[in-house]
Amino acid sequence: MAAPRKLDSADLLRRLRARRSELTAQPAPADRAAEDAAASLAPAGPGIAAAPADLTAHDVATMSLPDVEATAEVVSGRIEGTLIETYRHLRLVMVAAAPAILVAIATVWNAGYAGLPSISHYYYTPARIVFVGALVTAAAALLALSGRGAQRGWLDLAALFAPLIALVPTRIANGEVPGWDAVCPSSADCIPAEAYASIATGVAVWFVFAALVISYGVFAALLRRSGRDAVAAQVPRSARATWTPLVAGGVIVVVAAVAWIWARETFLDRAHLVSASLFFVIITIVALGQARRTHLEPDPSPPAGWWHRFVRRLRREIDWLPRIFTTFPGWIAFLLAADIVAGLLVLLLDLTAPIVVGGRAIGTVFLVEAVALVLFTVFWGFETVRKWNEADPD
């Protein structure tokens with residue numbers, strides 16, 4: 001005869017809740033008072049004496065109410081501990097992604113690759129494997145990190161852009177990177193033809209990845225709306241927070257696919273810069289949202305009419321804006337926004353000439369990108385510390 005199947009934590013907790021409902025629904029006879037008092041002094045039943053991992057459905061069905069309560073507390077604590085550790089590890093992956101890129105650059109710096117115009121140029125060096133791996137890993141961690149706030153959708157959208165930053169490299173000029181001396185047919189910069197095969201493979205995988213992510217998001221949203229997903233139903237989320245990033249992501253993927261098929265040169269020219277810019281803009285928005293929630297409570301009595309609600313919200317946002325500098329995420333958002341503006345000015349005004357720092361020439365674009373990576377790391381480090389013991393982060 002086969003041994004009774006031991007219950008996993010989730011199934012055990014469901015059965016414990018059902019058993020508790022069953023016991024609390026039963027009318028207690030008058031003469032049970034003395035028995036209950038005696039039971040509280042008796043040795044523990046199977047729910048306490050046995051480890052939760054060793055319990056079976058029969059054990060749960062024969063438990064008393066005190067045993068059910070005690071075992072449910074133990075199992076809930078175990079599940080919460082697992083969730084907390086999972087969140088910690090995912091957030092630490094996010095914190096480690098940017099330093100991994102900077103360490104890889106530092107490793108090849110004195111091997112003939114010092115002072116390249118930008119961090120993106122290190123794609124063409126031995127640091128490429130770390131550059132690509134760190135960004136793809138960060139994208140996976142961003143997708144895995146869940147939450148109850150509107151920032152979840154923004155982070156999912158950022159996760160779509162992160163791999164594309166690595167998979168489509170920046171343009172380089174002849175001799176700009178050691179070992180890539182005659183890669184462009186003219187004096188203009190280009191993406192070397194030698195990189196086309198790996199780019200095509202990476203972009204094809206990215207389209208599949210993006211389509212799967214968006215398809216799953218739509219499926220999960222419809223399942224939630226139908227009420228068939230009991231787990232998702234416990235996580236409150238507005239329809240706007242759910243569908244806005246899905247629609248935006250879908251539009252972006254469709255536009256990218258059209259450009260890849262019918263305007264590939266334009267795609268190759270713009271994909272890296274656009275993806276990197278949008279990625280850091282989204283992280284700035286998320287940081288700003290964290291600062292906003294610190295001081296701006298929901299409007300307790302919004303007025304009727306969309307125009308009056310819009311005016312009220314605009315006034316509240318303007319009143320709150322000066323307080324952005326009273327929170328750490330607010331400062332990060334401000335500095336990231338300033339860094340993005342500085343980067344755009346550098347590119348638009350062609351201020352890409354290197355700056356001499358400590359006797360070494362460092363590209364202005366390199367400095368802008370390095371500051372963005374450091375601020376990204378600091379923001380996620382702060383969020384990791386702030387939510388270190390949270391199993392249900394917002």
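From a predicted model like this one, the values you see are computed outputs, not experimental measurements.
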Could you go through S118 and H121, starting from their C-alpha distance and side-chain angles, then the distance that decides it, and tell me whether this counts as side-chain hydrogen bond (donor to acceptor under 3.5 Å, both in side chains)? CA-CA 5 Å; S118 72; H121 277 68; 2.6 Å; yes
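For the pair F279 and A162, the tightest heavy-atom approach, listed with the atom from each and the gap, is CE1-CB, 3.9 Å. Contact detail for A173 and D189: the closest heavy-atom pair is N-CB, 3.8 Å. Considering all non-hydrogen atoms of both residues, L164 and S275 come closest at CD2-OG, 3.3 Å.
Within the 4.5 Å cutoff, the side chain of V286 has heavy atoms near those of the F379 side chain. Counting heavy atoms from C-beta on, the side chains of V132 and Y123 come closer than 4.5 Å. At a threshold of 4.5 Å between non-hydrogen side-chain atoms, the residues V168 and L268 count as touching. Using a 4.5 Å heavy-atom cutoff, the side chains of T384 and V95 are in contact. Here the side chains of P245 and W154 are not in contact, with every heavy-atom distance at 4.5 Å or above. Taking 4.5 Å as the limit, every side-chain heavy atom of S277 sits out of range of all side-chain heavy atoms of I340. By the 4.5 Å heavy-atom criterion applied to side chains, D156 and L142 are not counted as neighbours. Looking only at side-chain heavy atoms (C-beta outward), I252 and F161 come within less than 4.5 Å of each other.
The hydrophobic cluster containing L92 also includes W388, under a criterion of side-chain heavy atoms closer than 4.5 Å among ILVMFWY residues, counted directly or through chains of members.
When the options I362, T125, I105 are evaluated for a side-chain contact (heavy atoms from CB on, under 4.5 Å) with L116, the one that passes is T125.
Under the 4.5 Å side-chain contact rule for hydrophobic residues, V93 and L102 do not share a cluster. No continuous path of hydrophobic side-chain contacts links Y216 to V254 [ILVMFWY only; heavy atoms under 4.5 Å].
A 6.0 Å sphere centred on CZ of R264 holds more than 12 heavy atoms belonging to other residues, nucleotides or ligands. Counting heavy-atom neighbours within 6.0 Å of L348 CG, excluding the residue itself, gives a total above 12. Within a 6.0 Å sphere centred on OH of Y196, heavy atoms belonging to other residues, nucleotides or ligands number more than 12.
Here the NZ atom belonging to K387 is positioned 5.0 Å from the CZ atom belonging to R91, to the nearest 0.5 angstrom. Atom CD1 of I199 is separated from atom CH2 of W206 by 14.5 Å, given to the nearest 0.5 angstrom. Between the CD1 atom in I332 and the CZ atom in F376 there is a gap of 11.5 Å [rounded to 0.5 Å]. Here the OG1 atom belonging to T170 is positioned 6.5 Å from the OH atom belonging to Y124, to the nearest 0.5 angstrom.
A salt bridge does not link R88 with E85: none of the charged nitrogens is closer than 4.0 Å to a carboxylate oxygen.
If you look at F328 and F382, their ring centroids are closer than 6.0 Å.
The aromatic rings of W109 and Y122 sit parallel to each other, their planes meeting at less than 30°, with 60° as the upper class boundary.
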